[in-house]
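A short write-up of the structure that comes next.
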Amino acid sequence: MIKSKLTRIMIFASIFVMFAMVGSASADSWTEEEFELVDPSTMYNFDIDMTMESADDNVKWTINISDVGDDLTESGAQLVICNNSTGESFLVGWSPGTQAHYKEYDSGWSTAMSVPDNMNVEKSTDGKQFEITVPKSALGETGGKFGWAMNVEADTDYTGGSDQQHFPIGWDRWSVGGTCYEDTVPSEPQKHDHWAGVPTANPVLLVGILGIALVLFMRRQQK
């Protein structure tokens with residue numbers, strides 16, 4: 001009896017794991033190697049780990065910085081949305097010495113304003129992590145193209161000043177022109193994945209194969 005119950009538990013657990021694995025994807029990510037140091041002669045190239053993922057009706061950028069010394073006095077991260085699919089551009093993020101803020105672009109950047117209610121900017125207490133969340137609707141129409149760039153800065157122990165890096169390499173800083181990173185507005189709540197387009201097995205087929213294997217296993221146990 002106990003053996004039979006254990007077998008059933010194994011069956012349900014295996015099916016659950018299979019469903020959990022099917023269709024899972026890791027967030028798109030970048031490191032400091034894909035960022036550009038603003039002034040290599042005077043600035044320090046601290047470590048950056050940035051991810052971007054789609055969640056429900058939003059897109060979230062998470063920026064982690066490290067190798068900045070023991071006493072990080074100020075830090076910031078600013079996301080620039082460059083010409084979304086409806087032709088609008090804006091900046092949202094956190095600059096050193098300020099609070100979270102938002103700017104619009106119309107032949108030039110506006111003064112800083114409060115972050116809109118449908119967006120969110122969070123900074124960790126140690127200043128080493130930022131989360132910037134923007135609704136997909138602010139990026140443009142579903143499936144449409146939009147550009148974006150990220151500026152990350154920190155007052156490290158190594159230079160005594162603000163060290164700044166930006167993504168992508170070659171971005172014309174604070175410009176909303178063609179040097180931004182081009183992306184597509186996600187159409188459904190799935191993570192932005194480097195492996196998009198790579199063929200994957202059909203979930204029904206995978207579960208079916210697993211089921212057949214378990215049935216054969218049970219018959220063998222009964223013998």
Side-chain angles (χ1 to χ4, degrees), residues 17-36 48-65 76-94 100-105 113-124 129-152 165-172 174-206:
V17 170
M18 181 63 70
F19 273 116
M21 292 176 62
V22 171
S24 64
S26 60
D28 205 351
S29 63
W30 299 265
T31 67
E32 69 280 355
E33 295 179 353
E34 296 161 281
F35 279 70
E36 182 175 12
I48 301 174
D49 179 31
M50 178 176 70
T51 60
M52 170 191 172
E53 62 181 295
S54 170
D56 298 325
D57 295 327
N58 301 307
V59 176
K60 182 175 73 173
W61 285 262
T62 301
I63 304 95
N64 290 285
I65 61 176
Q78 303 94 33
L79 169 68
V80 175
I81 300 299
C82 318
N83 293 322
N84 63 19
S85 60
T86 58
E88 299 173 342
S89 300
F90 61 87
L91 177 153
V92 61
W94 200 301
H101 60 276
Y102 170 87
K103 295 182 179 181
E104 295 178 343
Y105 188 88
M113 298 177 279
S114 299
V115 176
D117 292 339
N118 61 349
M119 301 182 188
N120 189 52
V121 179
E122 294 184 8
K123 179 181 180 180
S124 63
Q129 183 182 74
F130 296 86
E131 291 184 353
I132 303 175
T133 305
V134 176
K136 295 176 183 176
S137 58
L139 304 178
E141 300 173 355
T142 298
K145 298 293 183 181
F146 75 100
W148 64 274
M150 184 71 71
N151 184 71
V152 182
Q165 302 181 58
H166 61 238
F167 174 88
I169 294 173
W171 177 44
D172 184 9
W174 312 120
S175 167
V176 296
T179 57
C180 295
Y181 182 80
E182 186 177 271
D183 220 318
T184 303
V185 180
S187 59
E188 56 186 48
Q190 61 184 11
K191 291 189 176 181
H192 196 92
D193 184 19
H194 269 308
W195 302 99
V198 176
T200 57
N202 187 302
V204 176
L205 178 61
L206 287 174

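Numbers for residues simply follow the sequence, beginning at 1.
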Looking at every non-hydrogen atom in both residues, tell me the closest pair between [X] and [Y] and how far apart they are.
X	Y	result
V121	W94	CG1-CE3, 4.0 Å
P168	T179	CG-O, 3.5 Å
M150	F35	O-CE2, 4.2 Å

- [ ] Fit a plane to each ring of W30 and F167, take the angle between them on a 0 to 90° scale, and name the class: parallel (under 30°), tilted (30 to 60°) or perpendicular (over 60°).
- [x]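 W30 and F167: tilted rings.
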Please say which of [options] ends up in a side-chain contact (heavy atoms from CB on, under 4.5 Å) with [X].
X	options	value
K136	V59, T142, N58	V59
Y105	S89, S175, C82	S89
F130	I63, V152, T62, N64	I63

Side chains of [X] and [Y], heavy atoms from C-beta outward: is any pair under 4.5 Å?
X	Y	value
H101	L91	yes
L139	W148	no
M113	E104	yes
F90	M119	yes

TODO: Return yes if some donor-acceptor pair links the side-chain N/O of N83 with the main-chain N/O of V176 below 3.5 Å, else return no.
DONE: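 Yes, N83 side chain to V176 backbone: donor-acceptor pair under 3.5 Å.
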- [ ] Spell out, as yes or no, whether a donor-acceptor pair under 3.5 Å connects the side chain of E36 to the backbone of H166.
- [x]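 No, E36 side chain to H166 backbone: no donor-acceptor pair under 3.5 Å.
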Task: V92 and V115: CA distance, side-chain angles, deciding distance, side chain to side chain contact (heavy atoms under 4.5 Å, CB included) verdict - done: CA-CA 7 Å; V92 61; V115 176; 4.2 Å; yes
Pairwise distance [atom1]([X]) to [atom2]([Y]) - rounded to 0.5 angstrom:
X	Y	atom1	atom2	value
T51	E53	OG1	CD	6.0 Å
I132	Q78	CD1	CD	7.5 Å
M50	I65	CE	CD1	13.0 Å
T133	N118	OG1	CG	11.0 Å
F146	E88	CZ	CD	13.5 Å
Q165	E33	CD	CD	11.0 Å

- [ ] Determine, using ring centers only, whether W171 and Y181 are less than 6.0 Å apart.
- [x]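 Aromatic pair excluded; centres sit 6.0 Å or further apart.
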